[in-house]
Amino acid sequence: MASTIKTLNLNTDFRRAYKRGKVYTSPALVSYVTKNRAGICRIGITTSKKIGNAVERNRSRRVIRAAYRAVAPYTGGGWDIVFVARSKTKYLKSTQLEPIILKHLEQAGVINR
RNA sequence: UAAGCGGACUGGGCAGCUGCGGCAGCAGGGACUUAUCACCCCUGCGCUGAGGAAAGUCCGGGCUUCACAGAGCAGGAUAACGGCUAACGGCCGCCGAGGGUGACCUUAGGGAAAGUGCAACAGAGAUAUACCGCCUGCCUUUUGGCAGGUAAGGGUGGAAAGGCGAGGUAAGAGCUCACCGGCGUGCAGGAGACUGCACGGCCCUGCAAACCCUAUCCGAAGCAACAUCGAGCGGAGUGGCUUGCUCGGCCCAUACUCCAACGGAUGGCGUGAGCCCUGCGGCAACGCAGAGCCAAGAAAGAUAGUUGCCUUAAACGACAGAACCCGGCUUACAGGUCCGCUUGUGUU
RNA sequence: GCCCUAAUAGCUCAGUCGGUAGAGCACGCGGCUGUUAACCGCGGUGUCACAGGUUCGAGUCCUGUUUGGGGCG
């Protein structure tokens, strides 16, 4: 497995995910999934100002990243995934967020069982 | 023991597993090379990794750049006095004023007798006056009218011309006197603001967080500053800079500005007005001397997840995330600890 | 991160030098009409973003807070 998680940092990657990717929503998280040509999975996390102040936005990012790290070994293929935090995310634990991400990625076909 | 006042501190700790940022060293591997070393990348070990406000960006400074900094005007800031400081609009001490039984708290607190302006409505009158009144004289049968004196009382107002009492008077009035306030002069104390005492003439509205005057200070912009290297060497415009204006000065066409664009890289960037302990000077803010320590430096942006134990009334719980760095101010904040003091009650 | 700027009626905006808050559109009521629109008449539009201070008195002056908008390589 790739121990370090590749991240998206270009605005064009985010815009492509929003425009062409498939959307999966839950009360605590929104996921945009699209294929890429790199052959590995890359993720991006968006925490807008609506979530809260800097501490609450950092908290949301950490929880999403920790939950994805638990799920990452099961992924396969080349995908770009953008997670958007919602206002409930900061109150959750990463163990509570794990099944939500799992469900989204199974629906998208990133994870095959 | 109840209520309260002032100040200081804290903002959980330890361990296991899975993970993250930085650092230099060691070990292993990769890439480059004809080959080795260095540089670069990865892995493991080791060290280290957010705050009292990191916040708001309100002041002050360091640092950097603007021909390296000149003059004048404009503009801005501050405002009792003495000190501390790199500097400040901050802090300490002290004076005045106001509040509280008190501990103590609040205070943008220079000048209104240099000038201009404002004081709506109400009220007779708003910086000078006489509506109702009071008193005297004349006229009138009376109600009352006219002329003069007066500002004690009424009414309006935030404010009505020193306050209050006594004398005085036709009625009154600092007209006179005592006390108090204010002004001026002198003496004493103090580093000074100022305080105390004596005398004098008889007193002057408020607003300068209205313009203004006086004193002191300020060149501007900000690490997205700026420097170096690389890529590019394209298009358009114009003399430009001195970041409000004028003078003066400087640089020149390889100059300056804008657009497109590499969504370039590295430095700036962590030893600093640093933290901490002791001693000395000072009422204090603070200063001096000596010993010890090195404690984040990212660039989509690092502290998360989970389990157990301990302290505890409770710790899952407050406010909250460094972004060049310091000194302050302001604002937000669950709970807890300590010290000094005041008033009341009870006991001895 | 840094630097500017604004907040007034439901909406778009005025409000000078402090003295009880204005315009247009929209809205409500009445009239006209068989009914509606248009038209005519009347009317309230409001904690001047919030909290302190100066002042006799603040939309306005001063300080702090909140929210929105813009710019800087």
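The model shown is predicted, which means the values in this text are computed figures rather than measured ones. Convention: sequence-line order gives letters A, B, ...; per-chain numbering from 1.
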Return the nucleotide paired to B:U246: Watson-Crick means purine N1 to pyrimidine N3 with N6-O4 or O6-N4, wobble means G-U with N1-O2 and O6-N3, both under 3.5 Å. B:A71
Set of residues satisfying side chain to side chain donor-acceptor pair (under 3.5 Å) with respect to A:Ser31, sequence neighbours excluded: A:His104
Any protein N or O atoms within reach of nucleotides 304-308 of chain B? Criterion: under 3.5 Å, listing atom names and distances.
residue: B:A304; atom: O3'; partner: A:Arg59; partner atom: NH1; Å: 3.4
residue: B:G305; atom: OP1; partner: A:Arg59; partner atom: NH1; Å: 2.2
residue: B:G305; atom: OP1; partner: A:Arg59; partner atom: NH2; Å: 2.8
residue: B:G305; atom: O3'; partner: A:Ser94; partner atom: OG; Å: 3.4
residue: B:G305; atom: O2'; partner: A:Ser94; partner atom: OG; Å: 3.2
residue: B:U306; atom: OP1; partner: A:Thr95; partner atom: OG1; Å: 3.2
residue: B:U306; atom: OP2; partner: A:Lys93; partner atom: NZ; Å: 3.4

When rounded to the nearest Å, what value does the distance between P atoms of B:A208 and C:U54 take? 11 Å
Measure the distance from CG on A:Asn58 to P on B:A320 and round it to the nearest whole Å. 14 Å
Complement of B:G264, any strand, by Watson-Crick or G-U distances under 3.5 angstrom: B:C229
Specify the separation, in whole Å, of atom CD1 of A:Ile43 and atom P of B:C20. 13 Å
Any donor and acceptor pair, going by atom type alone, linking the side chain of A:Thr89 with main-chain N or O of A:Ala28 inside 3.5 Å? yes
For the P atoms, the ones on B:C88 and on B:G60, what distance do you get once it is rounded to whole angstrom? 10 Å
Taking only the P atom of each, what is the distance from B:A193 to B:G153 in whole angstrom? 41 Å
Looking at CZ of A:Arg69 and CD1 of A:Ile43, how far apart are the two atoms once the value is rounded to the nearest 0.5 Å? 8.5 Å
For residues 77-86 of chain A, which residue pairs qualify under salt bridge (charged side-chain N to carboxylate O under 4.0 Å, His left out), counting only residues two or more places apart or in two chains? A:Arg16-A:Asp80, A:Arg42-A:Asp80
Please determine if a side-chain N or O atom of A:Arg65 lies less than 4.0 Å away from the OP1 or OP2 oxygen of B:G301. yes
State, yes or no, whether a side-chain contact exists between A:Ile81 and A:Tyr68 at a heavy-atom distance under 4.5 Å. yes
Sorted by chain and number, sequence neighbours left out, side chain to side chain contact (heavy atoms under 4.5 Å, CB included) with A:Val23 holds for A:Thr25, A:Val30, A:Tyr32
List the residues meeting side chain to side chain donor-acceptor pair (under 3.5 Å) with A:Thr46, not counting sequence neighbours, and say none if there are none. A:Tyr18
Between B:G148 and B:G172, how far apart are the C1' atoms? Round to whole Å, please. 15 Å
Closest heavy-atom contact between A:Ser26 and A:Ile100? OG-CG2, 3.3 Å
Both distances below 3.5 Å, Watson-Crick or wobble geometry, any strand: find the nucleotide opposite B:C17. B:G305
Could you state the atom-to-atom distance from CD1 of A:Ile64 to C1' of B:A300 in whole Å? 13 Å
Taking the chi torsion of B:A50, is it syn (within 90° of 0) or anti (everything else)? syn
Which nucleotide, in any strand shown, forms a Watson-Crick or G-U wobble pair with B:C9, with both distances under 3.5 Å? B:G336
With rounding to whole Å, what would you report as the distance between B:C183 and B:G110 at their P atoms? 15 Å
B:C45 - base-pair partner by Watson-Crick or wobble geometry, distances under 3.5 Å: B:G25
Determine which nucleotide pairs with B:C84, using a 3.5 Å limit on both distances of a Watson-Crick or G-U wobble pair. B:G90
Would B:G174 be called syn or anti, given that syn covers angles within 90° of 0? syn
On RNA chain B, does the nearest nucleotide to A:Glu56 precede the nearest nucleotide to A:Arg61 from the 5' side, or the other way round? Give the residue. A:Arg61
For B:G317, does the O4'-C1'-N9-C4 (purine) or O4'-C1'-N1-C2 (pyrimidine) torsion place it in syn, i.e. within 90° of 0, or in anti? anti
Taking C-beta and beyond as the side chain, do A:Arg65 and A:Ile45 meet within less than 4.5 Å on heavy atoms? yes
Taking the side chain as C-beta and beyond, is there a heavy-atom pair between A:Tyr24 and A:Leu29 under 4.5 Å? no
Pairing partner of B:G148, by Watson-Crick or G-U wobble and under 3.5 Å for both distances, is B:C135
Whenever both distances are under 3.5 Å in a Watson-Crick or G-U wobble pair, mark it; put RNA chain C into dot-bracket that way, with [ ] for crossing pairs and | when the partner is on another strand. (((((((..((((.....[..))))((((((.......))))).)...(((((..]....)))))))))))).
So what's B:C197 paired with, Watson-Crick or G-U wobble, going by both distances under 3.5 Å? B:G186
Set of side chain to side chain contact (heavy atoms under 4.5 Å, CB included) partners for A:Arg59, sequence neighbours left out: A:Val63, A:Lys90
Syn within 90° of 0, anti beyond: B:A231 is anti
Could you tell me how far B:C164 sits from B:C194 if I compare only their P atoms? Round to whole Å. 30 Å
Give me the distance, rounded to whole Å, that separates B:G125 from B:A159 when you measure between the C1' atoms they each carry. 14 Å
Could you work out the separation of B:G196 and B:U216 based on their P atoms and round it to a whole Å? 32 Å
